[in-house]
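Reading through the structure tokens given below for one structure.
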Amino acid sequence: MREPPISPIPLTRLAPSPTGALHLGNAFSFLINWAIARKLSWNIILRIEDLDVSRVHEGMIEDCLNTLKWLGIDWDGQPILQSSDMNRFHTGMQALAKARRVYPCDLSHKQIQEALNAPQLGDQPDAAGYEAIRPDPIPDRFDNPETSWRFIPDDNPIRFHDHNMGPQAFSKTDLGEDFIVWTKRQAPSYQLAVVIDDHASGINRVVRGRDLIDSTPRQLMLYRALGFTPEPEYTHLPLILSPDGRRLAKRDLDTHIGSYSALGGPERVIGLIAHWVGITPEPTPMSTSEFLDTFDPHTLPKNDIVFREEDAQWLRS
Ligand code: GLU
């Protein structure tokens, strides 16, 4: 496959999925990713993850760009649309097939769990169980893009050092069943698309929410199976939770950035994020450039943060 451009300086990416309006949790991750990059003189690109065509509707990409600009976030070069070239994903799948690491499988998660627990396979899902699901022999060509394909994970645990969350280790059991790399929609799964695109752009720093930390071992396995180097360095950020302890979702209306941008400038949203990262003891309106001046990329919060009722009121006051 094509070698990535040599990137002598660190290069990161903002990778929004324009499948709904951006919320405060997205704003938090993107602002921190951007501020780390600007403080440490990394380059930063914007990649719009628009492969799930059933969920990306007209106007959503533009909304997403406008929200980032409203927050005062900028990036280097033109935004990249993930859907703009599908050939590279087919090439990646061919390489994985040649290495006999992928196989076609139209079983659902439930059917796999049932097959793994079938009496003739023993009570525990084990190597023999997985082998009963995988075809024998494993094909060496990616020739059936109409069905899902799964990846055969490494036997050894995957370890990496997270710059915020510390040392991480994931065993094969932690990762569960063989994960999907190609979907029935004839498109790569999130795991494969991220790896192919990060490598193609020469990304060597990834900063994102900790909800994706267990994607990292899967992505590192794909890097290794595809022979891609260098592997990125990872920083996972805490999540923003709603008052009842759930992770914020795009359906939580009070947290949509659009509902605040309609009220005026970003100073209150930025001020709340500044409070969350410990810059101020209480939320205080702040411009994006003041935030950048006072932000310390070496002292990031590790624990999840609760978006309180009073925060919602303060944002609207
Ligand atoms: N597009 C993903 C999201 O919005 C982020 C992908 C990534 O950072 O690896 O959650």
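As the structure lists them, so they are numbered: ligands from 1, and atoms in each ligand from 1.
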Exercise. How are the rings of H199 and Y223 set to each other: parallel, tilted or perpendicular (split at 30° and 60°)?
Worked result: perpendicular
Exercise. Is there a nitrogen or oxygen of A15 sitting under 3.5 Å from a nitrogen or oxygen of ligand 1?
Worked result: yes
Exercise. By number and element, which atoms of ligand 1 are closer than 4.0 Å to a non-hydrogen atom of R13?
Worked result: 7 (C), 8 (O), 9 (O)
For this session: Verify the neighbour count for atom CD of E146: are there more than 12 heavy atoms of other residues, nucleotides or ligands below 6.0 Å?
Result: yes
Exercise. Salt bridge or not for D140 and K98, using N-O below 4.0 Å?
Worked result: no
Seminar exercise, completed: Closest to atom 6 (C) of ligand 1 by heavy-atom distance, out of Q191, E49, R47, R208, is E49
Exercise. Aromatic rings W276 and F307: how do their planes relate, parallel, tilted or perpendicular, breaks at 30° and 60°?
Worked result: perpendicular
Problem set entry | Close approach, Q219 and ligand 1, non-hydrogen under 4.0 angstrom | no
